[in-house]
Structure formats: structure tokens, C-alpha cells
Amino acid sequence: MLFRSFTLWLHNAPAGALPFVGLGLPGNEIVCGACTFLDAVSWAFVPQALGTAFWPWAVPNVPAAVGLVVGAQWVLLQAPSSPCNALTGLASTARLHLRVGP
């Protein structure tokens, strides 16, 4: 079965937080204390409703994309709590590594 799109979902986001989804290539992450951030090449603001946000990604439908690994991560600005004292109001999800394949 060939999938031409994929949707990244964020659940239980705090009210008032501004979610951004990032896409990039894994292996060039930024480490800050106990947190690790994807060094994304693309960030998109995604409005949330009732703690949920989703972003559909059009998976490249070309033979050259097969085997490509893409990193994805949600970052929240204006979050009420943050694991990092240096960046108050910033929270993030775990990084995902997605492999494009048949």
C-alpha cells in the first residue's frame, strides 16, 4: 500500500501554548541540558484547538525519496512549564525519525 500523506498529531497541549512542528534530517540535533531538539530545516506554526494540533505532511512520491529518513518534532512556545531553566516557556516532544519507504 502506498501512502502519499502522513499526519503528525499533538495531543494534550497546554492552553495558550503555540505549537510549531519541525522537519529536518536526523543526526544534527541540538542538546541543551536534558533536552534534545531537532535541528529542523523547516518550522511551521500549527494552531491548536482544545489541546490538539495536527499537521499533514505530503510524503515525497518520487523513487529518490525511498529510504530517506526525516526527523520531526513539536515545539511549544509559551508553555506554562518548561524542563529547561535557560529557556522558560519552551517545551518539546520527543523527536521522531520517519523513514520514507514502500
Side-chain angles (χ1 to χ4, degrees):
M1 178 177 241
L2 177 62
F3 293 100
R4 292 198 172 101
S5 66
F6 184 81
T7 301
L8 295 167
W9 288 86
L10 174 67
H11 295 287
N12 301 320
L18 303 172
F20 288 81
V21 64
L23 292 177
L25 301 174
N28 216 14
E29 289 83 8
I30 300 164
V31 178
C32 179
C35 301
T36 303
F37 299 100
L38 179 70
D39 186 14
V41 295
S42 172
W43 287 100
F45 170 70
V46 182
Q48 66 152 311
L50 302 172
T52 300
F54 66 95
W55 186 76
W57 176 47
V59 177
N61 191 17
V62 293
V66 174
L68 177 69
V69 178
V70 177
Q73 184 175 37
W74 288 95
V75 172
L76 299 171
L77 300 181
Q78 298 181 359
S81 63
S82 175
C84 182
N85 293 334
L87 300 169
T88 57
L90 180 71
S92 66
T93 64
R95 293 160 292 127
L96 298 172
H97 290 177
L98 312 165
R99 181 178 306 277
V100 177

Quick one: closest heavy-atom pair of [X] and [Y], and the distance?
{"X": "Gln78", "Y": "Gly16", "result": "OE1-O, 3.6 Å"}
{"X": "Leu38", "Y": "Leu25", "result": "CD1-O, 4.4 Å"}
{"X": "Val75", "Y": "Leu90", "result": "CG1-CD1, 3.2 Å"}

Residues 43-56, side-chain donor-acceptor partners within the protein, below 3.5 Å, at least two apart:
{"from": "Gln48", "atom 1": "OE1", "to": "Gly51", "atom 2": "N", "distance (Å)": "3.1"}
{"from": "Gln48", "atom 1": "NE2", "to": "Pro14", "atom 2": "O", "distance (Å)": "2.9"}
{"from": "Gln48", "atom 1": "NE2", "to": "Ala17", "atom 2": "O", "distance (Å)": "3.0"}

Hydrophobic cluster identity match, Val41 and Phe37, side-chain contacts under 4.5 Å =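 Different clusters.
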ask   = With hydrophobic residues grouped by side-chain heavy-atom distances under 4.5 Å, do Val69 and Phe6 end up in a single group?
value =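 Not linked; separate clusters.
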request  = Kindly state each residue pair satisfying side chain to side chain donor-acceptor pair (under 3.5 Å) with at least one member in residues 7-27, sequence neighbours excluded.
outcome  =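 Qualifying pairs: none.
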Residue pairs passing the salt bridge (charged side-chain N to carboxylate O under 4.0 Å, His left out) test where at least one lies in [range], sequence neighbours excluded:
{"range": "residues 73-89", "result": "none"}
{"range": "residues 48-75", "result": "none"}
{"range": "residues 36-50", "result": "none"}

message = Tell me whether Gln73 contacts the main-chain N or O of Thr93 through its side chain, where contact means a donor paired with an acceptor under 3.5 Å.
response =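 Yes.
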task = Not counting sequence neighbours, which residues clear side chain to side chain donor-acceptor pair (under 3.5 Å) with Glu29? List them please.
result =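 Here the qualifying residues are Arg95.
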query = Is Val21 close to Trp57 at the side-chain level, that is, under 4.5 Å between some pair of heavy atoms?
reply =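 Sidechains of Val21 and Trp57: no contact.
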